[in-house]
2 protein chains.
Amino acid sequence: MFTLAEENYLKAIFHLEHELQGEVSTNAIAESIETKPSSVTDMVQKLAEKKLLTYKRYKGVQLTAEGKKVAINIIRKHRLWEVFLVEKLNFHWDEVHEIAEQLEHIQSEELITRLDKFLGSPDFDPHGDPIPDKHGVLKRTEKKLLSEIEKNQQGVCVGVKESSAEFLQYLDKKKISIGTKIKVLGKEFFDGSMIIQVGNEQFFISHIIAENLYVQIQE
Amino acid sequence: MFTLAEENYLKAIFHLEHELQGEVSTNAIAESIETKPSSVTDMVQKLAEKKLLTYKRYKGVQLTAEGKKVAINIIRKHRLWEVFLVEKLNFHWDEVHEIAEQLEHIQSEELITRLDKFLGSPDFDPHGDPIPDKHGVLKRTEKKLLSEIEKNQQGVCVGVKESSAEFLQYLDKKKISIGTKIKVLGKEFFDGSMIIQVGNEQFFISHIIAENLYVQIQE
DNA sequence: TTATATTTTTAGATTAGACTAAAAATAAAA
DNA sequence: TTTTATTTTTAGTCTAATCTAAAAATATAA
Ligand SMILES: [Mn+2]
Ligand SMILES: [Mn+2]
Ligand SMILES: [Mn+2]
Ligand SMILES: [Mn+2]
């Protein structure tokens with residue numbers, strides 16, 4: 001149906017639309033998929049002709065409903081495969097992204113239907129990201145960045161914003177994973193750093209860490 | 001490591017070397033991967049430069065040890081994925097080949113190691129074809145074509161030579177699958193057709209069928 | 001508002017892989 | 001052993017996806 005490159009562009013643009021809240025620039029796309037802006041212009045013109053996005057010269061792009069549908073389906077496949085790799089093959093959560101980047105392009109509706117069933121129709125992937133259902137509907141949960149919660153509040157970790165192997169390994173070292181309870185003991189106004197409690201341990205984390213961890217507040 | 005096209009050529013050449021018992025011609029490759037002979041010449045020259053096969057103009061090609069290693073690894077992946085699709089996702093044996101053609105190109109040693117373990121290190125795929133181990137070693141079994149066995153002998157089906165969906169569906173209709181006992185009740189010298197017994201049923205099969213079914217003779 | 005900087009697009013080149021048409025080598029038939 | 005047929009290779013073209021360099025548009029600063 002679509003080429004590997006086309007699928008990767010659509011997925012990247014979809015993610016950028018959410019991060020940037022609106023129109024996505026040529027440079028933003030180029031940076032995100034590690035290519036040159038001139039290459040992006042070419043591809044974006046091709047995708048516009050195929051009605052997967054709208055494009056006005058110098059004005060950036062926006063996915064059409066059809067483009068979104070394609071992107072969401074790739075994301076669905078990516079996240080289902082990540083669940084498979086962690087739940088069934090016992091990969092660790094910092095090892096699965098690269099492999100899922102390949103698996104997400106396998107073309108077979110039936111395969112995904114069956115994989116989903118085999119995995120028990122999971123709602124979230126190993127990084128806490130929601131898995132769209134077959135109609136593209138995402139389960140919404142109200143989660144907050146750890147950096148947004150107040151002193152003495154407590155939450156349970158439900159996801160990571162950044163999901164590089166390096167960050168995930170840092171979290172492992174600190175014994176933080178999906179489901180871990182985190183209590184904010186102190187918060188430094190100046191630099192946003194925090195003292196938090198995880199299990200019996202209390203330690204310092206920088207703002208960078210706090211704004212890449214999603215938590216659900218607990219009373 | 002290798003491109004999709006390169007992998008497909010190596011795999012096709014490997015299979016042809018076995019079918020044709022020796023040197024593989026340009027035309028044979030072209031037919032097998034459904035491309036033009038001129039395209040094959042190009043690719044074969046490229047693979048020769050990479051030392052994956054030896055090539056003499058107008059003389060056909062032969063895989064090097066390295067070329068064989070690559071080909072066998074792809075076949076290993078293909079067959080392991082087929083087992084996964086049938087055993088875990090409950091696909092039928094006539095539905096898995098096309099999907100495995102895609103999955104066999106996923107690049108990750110670790111993935112295959114874990115998949116193999118998850119599946120219980122199977123020795124055969126759903127069509128009865130042997131799965132090479134991680135060193136490329138194939139489990140050899142003495143099996144015969146049904147067409148080669150004599151009247152009143154009996155065997156158990158251990159594999160199919162042809163594994164197109166059409167042929168597999170024919171076998172389903174006749175209630176023949178891996179493990180099925182087959183007894184030869186009659187054999188027509190003229191055209192090689194047979195009367196066989198499968199379970200309680202007795203029926204006629206043509207030579208074409210008999211020479212695409214592998215059996216292991218039982219006393 | 002004019003000058004400068006940044007972003008984006010165009011023009012032209014490159015690579016992998018495939019194709020067609022024609023030439024060259026080899027095999028088969030007369 | 002010529003002639004004819006088949007197989008294989010070469011030469012040249014095409015498309016997808018990328019790149020560099022330069023031009024054009026837009027944004028920012030003086
Ligand atoms: Mn991922
Ligand atoms: Mn993920
Ligand atoms: Mn197969
Ligand atoms: Mn098979």
Side-chain angles (χ1 to χ4, degrees), chain A residues 1-14 16-17 19-63 67 70-71 74 101-102 104-105 107, chain B residues 1-14 16-17 19-63 67 70-71 74 101-102 104-105 107:
Chain A
M1 200 62 183
F2 300 101
T3 69
L4 191 105
E6 287 171 341
E7 290 192 349
N8 282 334
Y9 271 88
L10 291 172
K11 186 178 53 141
I13 294 166
F14 181 87
L16 287 169
E17 281 188 353
E19 281 168 37
L20 309 178
Q21 314 269 49
E23 42 123 70
V24 178
S25 73
T26 300
N27 265 5
I29 298 168
E31 193 181 352
S32 133
I33 65 181
E34 292 179 291
T35 187
K36 301 290 165 179
S38 54
S39 306
V40 173
T41 301
D42 276 353
M43 178 58 91
V44 142
Q45 287 171 346
K46 196 172 126 197
L47 293 173
E49 273 181 24
K50 293 193 176 188
K51 311 273 189 216
L52 294 164
L53 48 78
T54 57
Y55 164 69
K56 282 217 194 91
R57 275 155 78 254
Y58 296 100
K59 291 297 181 193
V61 303
Q62 198 166 6
L63 292 180
V70 174
I74 298 160
E101 286 287 303
Q102 297 179 63
E104 73 189 6
H105 300 289
Q107 309 270 13
Chain B
M1 198 66 181
F2 299 101
T3 68
L4 190 105
E6 287 170 341
E7 290 191 347
N8 282 334
Y9 272 90
L10 292 172
K11 186 177 52 139
I13 293 166
F14 181 88
L16 287 170
E17 281 188 353
E19 280 168 37
L20 310 178
Q21 315 268 48
E23 41 123 70
V24 178
S25 72
T26 299
N27 265 5
I29 299 169
E31 193 181 352
S32 132
I33 64 180
E34 293 179 289
T35 186
K36 300 292 164 177
S38 55
S39 306
V40 173
T41 300
D42 277 352
M43 178 58 92
V44 142
Q45 288 171 346
K46 195 172 128 198
L47 294 173
E49 274 181 22
K50 293 194 176 186
K51 310 272 189 219
L52 294 164
L53 48 80
T54 57
Y55 163 70
K56 282 217 195 89
R57 276 155 76 254
Y58 295 99
K59 290 297 181 194
V61 302
Q62 198 165 8
L63 292 180
V70 175
I74 297 161
E101 287 286 304
Q102 299 179 59
E104 72 189 7
H105 300 290
Q107 310 270 13

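Every chain is numbered from 1 and lettered A, B, ... according to where its sequence line falls, protein lines coming before strand lines.
If you find the closest nucleotide of DNA chain D to T35(A) and to A28(B), the one lying nearer the 5' end belongs to A28(B).
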Practice task
List the steps and the verdict of side chain to side chain contact (heavy atoms under 4.5 Å, CB included) for L10(A) and L47(A).
Solution key: CA-CA 9 Å; L10(A) 291 172; L47(A) 293 173; 4.2 Å; yes

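In the set dT8(C), dC19(C), dA18(C), the nucleotide with an atom closest to the side chain of K36(B) is dC19(C). Closest contact between the side chain of Y58(B) and the listed nucleotides dT8(D), dC19(D), dA16(C) involves dT8(D). Residue T41(B) has its side chain nearest to dT10(D) when only dA18(C), dT20(C), dT10(D) are considered.
A salt bridge links E101(A) and K11(A); the closest N-O separation between the charged side-chain nitrogens and carboxylate oxygens is under 4.0 Å.
Rounded to a whole Å, the CG atom of D42(A) is 11 Å from the P atom of dC19(D). To the nearest angstrom, C1' of dT7(C) lies 13 Å from CZ of R57(A). Here the P atom of nucleotide dA16(C) and the CG atom of L4(B) are 15 Å apart, to the nearest Å. A straight line from NZ of K59(B) to P of dT9(D) spans 11 Å, rounded to a whole angstrom. Per the geometry, CG belonging to N27(B) stands 13 Å off C1' belonging to dA27(C), to the nearest Å. Between E49(B) atom CD and dA16(C) atom P the separation is 10 Å, expressed in whole Å. If you measure from atom CD of E31(B) to atom P of dT7(D), you get 10 Å, rounded to the nearest angstrom. dT18(D) atom C1' lies 16 Å from atom CD1 of I29(A), rounded to whole Å.
The number of heavy-atom neighbours closer than 6.0 Å to CD of Q107(A), taken from other residues, nucleotides and ligands shown, is above 12. Annotation for K50(A): atom NZ counts as buried by contact number, over 12 foreign heavy atoms lying within 6.0 Å.
Between the base of dT20(D) and the side chain of S38(A) there is a donor-acceptor pair shorter than 3.5 Å.
Not a single donor-acceptor pair under 3.5 Å links the side chain of E7(B) to the backbone N or O of I74(B).
T26(B) has no side-chain polar atom (N or O) that falls below the 4.0 Å cut-off from OP1 or OP2 of dT7(D). Contact annotation: Y9(B) does not reach the phosphate of dA16(C) (side-chain N/O to OP1 or OP2, under 4.0 Å). Contact annotation: Q45(A) does not reach the phosphate of dT9(C) (side-chain N/O to OP1 or OP2, under 4.0 Å).
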